[in-house]
Protein chains: 2
Amino acid sequence: MAYGLTIGQVAAFAGVTVKTVRHYHRLALVEEPERDSSGYRRYGSSDMVRLVQVRTLAGAGVPLAEIGGLLDAGPERFACALEDVERRLTDRIEELIARRAVLHRLAAGDRLLLPERACVALDRLAEFGFGAAYVAMQQEALVLARALVPEVFDRFLIQIERQLGDPEYVELLKRCQDAESWDLDDPRLGELARALSAKLLSHRELLAMPAEFRARPDAATRYGLINHHREDQAPAAARLNELLEANLRAAGVDIPHQ
Amino acid sequence: MAYGLTIGQVAAFAGVTVKTVRHYHRLALVEEPERDSSGYRRYGSSDMVRLVQVRTLAGAGVPLAEIGGLLDAGPERFACALEDVERRLTDRIEELIARRAVLHRLAAGDRLLLPERACVALDRLAEFGFGAAYVAMQQEALVLARALVPEVFDRFLIQIERQLGDPEYVELLKRCQDAESWDLDDPRLGELARALSAKLLSHRELLAMPAEFRARPDAATRYGLINHHREDQAPAAARLNELLEANLRAAGVDIPHQ
DNA sequence: CGTCCACCCTGACCTTGGGGCAGGGTCAAG
DNA sequence: CTTGACCCTGCCCCAAGGTCAGGGTGGACG
């Protein structure tokens, strides 16, 4: 029986695990004590003191990499460094609080990551009799729009609300939904495209595209992503959109290519 | 030039790094898209939607391991899980705030991890003319005491304050400090031990050891650690302590062994 | 005397959310 | 033809330890 505490004892006294003590040894935060005849580490009170100091700082959130320098430095640098650590901790707390706020908004009103107003618009779509798949697609388009051009998202919503407030436009939208199942060479596609472009051209407020959108780098790519979302799953809708864009371009409207 | 966005583009649009997108692929949070003829990943709008959803949740602090299940579950489980995440986040924030408070106390009054009152006592020691090494040793002993028997630390301090308030006892302490440099067989050691024990026995309030201390598991070990701290560096002090303990035990005081 | 259990040893791999680097292929422009 | 900006895979790295494997020790019990 040798003198000194075993690693399990110092660990228990300091309130850490054995593994943690060994970890501190590897990081040279606490010096390795002498070993007894069977190779066990035997700790004295000085080691305990050091271990308690390290654990106190670590428990307060000081990164282990800094603790060594901190404890071996003078009191003035010690205080200074502590202040620094405290500042960083405050930043982190504020960041977490911001995160929690985001989460809270998500949990409260947002349906799969959209703000309240967008959800209302989507609900109105459903009330108008649009199918779940169609509504889901529009929802995804909104998610895309919000991510790709956040600064015009609000105006985007206003436009959608205007469109939903126009019964004639809603009727046309319903035909668009039906069109998804039509053949690619169905003559109704051309008719519908014509009707849509006529409506849009005579009610330009339904069509306006903000300058900010155009000012963005990759505006065309962003536009394409939002506007041609899911077209791969509905070739007729793609065709319809293509015809519509051609009509609008022919009338002088500037629509990004691709 | 193939259709679809490259990984760099989706990453930029979603506000993450390329590396992060690939990381999400490896965790199966976002499906791997088709590759083009040169093996590049080509992303469509659906991938963008998914990526944005993942990033939004990840940015809010939801662990990546949970995001997959969350997005693929129904809205009710989604909301429920979000609440759970929010709760955990709140816990974490409170923990960090507590840490910051500890840090703040450390930075404010504590000299190398001791509360204000202990620092005052140590300062008084220095004012009484004790050497820096001696004061440092007492300080470490206090750190040890606080770690090993926190619930009696306050009474420990009271006792020290009492001792410092007794000029006769302070004089004896000073001789103890001097004694560190004496020879092991110096007859003054025995005299000093006798004087100390006489003083303590006639002023029991300087000596009392709380019942809580004794009630602790490993009380003897804890006592030894605190009381024999640094004795390895001052053999004469060890000898002095040994003599003192013998005197006290002979007078019926119960002192833990080892 | 043997056996059991708790403790100790080292070393290697796992976690989170990616970052960085090596080594090599591809694309578009000058 | 070269250059620079992308892309590919695969490997190792961070903090702060946790966990597991495989083996040695110490003290208590029968």
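Owing to the predicted nature of the structure, the values given are computational and were not obtained by experimental measurement. In what follows, every heavy atom counts, from backbone to side chain, and hydrogens, waters and symmetry copies are set aside. Just so it is clear: chains get the letters A, B, ... in the order the sequence lines come, proteins before strands, and each one is counted from 1.
- Remark: A:Arg41 is in phosphate contact with C:dC9, judged by side-chain N or O atoms under 4.0 Å from OP1 or OP2.
- Residue A:Arg22 is in base contact, counting any heavy-atom pair closer than 4.0 Å across all strands shown.
- B:His23 places its NE2 atom 11 Å from the P atom of C:dT15, with the value rounded to the nearest Å.
- Between A:His25 and A:Tyr43, the ring planes lie parallel to each other; the angle is under 30°, not in the 30° to 60° tilted range.
- Of the candidate nucleotides C:dC9, D:dC7, D:dG18, C:dC9 has the atom lying nearest to any side-chain atom of A:Ile7.
- D:dG27 atom P lies 10 Å from atom CG of A:Asp36, rounded to whole Å.
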A:Asn227/A:Tyr223 under side-chain hydrogen bond (donor to acceptor under 3.5 Å, both in side chains): CA gap, chis, key distance, verdict: CA-CA 6 Å; A:Asn227 226 48; A:Tyr223 167 82; 2.9 Å; yes

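- Taking every heavy atom of both residues into account, A:Ser46 and B:Gln233 meet most closely at OG-NE2, 4.2 Å.
- The distance between atom OH of A:Tyr43 and atom P of C:dC9, rounded to the nearest whole Å, is 7 Å.
- Scanning atom types as modelled, one donor and one acceptor separated by under 3.5 angstrom connect the side chain of B:Tyr40 and the base of C:dG25.
- D:dA16 atom P lies 16 Å from atom CG of A:Leu51, rounded to whole Å.
- Between A:Arg87 and A:Asp91 there is no salt bridge, since none of the side-chain N atoms of the basic residue sits less than 4.0 Å from a carboxylate O of the acidic one.
- Using a 4.0 Å cut-off between charged side-chain N and carboxylate O, A:Glu31 and A:Arg50 make no salt bridge.
- One atom, CG of B:Leu5, and another, P of D:dC6, lie 15 Å apart when rounded to the nearest Å.
- In this structure, the nucleotide among D:dT19, D:dC6, D:dG17 sitting nearest to the side chain of A:Lys19 is D:dT19.
- Taking atom OH of A:Tyr24 as the reference point, atom C1' of D:dG18 lies 14 Å away to the nearest angstrom.
- A:Arg35 comes within 4.0 angstrom of sugar-phosphate atoms only, judged by non-hydrogen atoms across all strands, and of no base.
- Contact annotation: B:Ser37 side-chain N/O to C:dT26 OP1/OP2 distance is not under 4.0 Å.
- In this structure, the CD1 atom of B:Ile67 is 8 Å from the P atom of C:dG17, given to the nearest Å.
- Among the atoms of the strands shown, none is found under 4.0 Å from any heavy atom of A:Leu27.
- Where A:Thr17 and A:Ser38 meet DNA chain D, the nucleotide closest to each residue was compared, and A:Thr17 sits on the side nearer the 5' end.
- The side chain of A:Thr6 places no N or O atom within less than 4.0 Å of a non-bridging phosphate oxygen (OP1 or OP2) of C:dC7.
- Between A:Arg26 atom CZ and C:dA12 atom P there is a gap of 11 Å when expressed in whole angstrom units.
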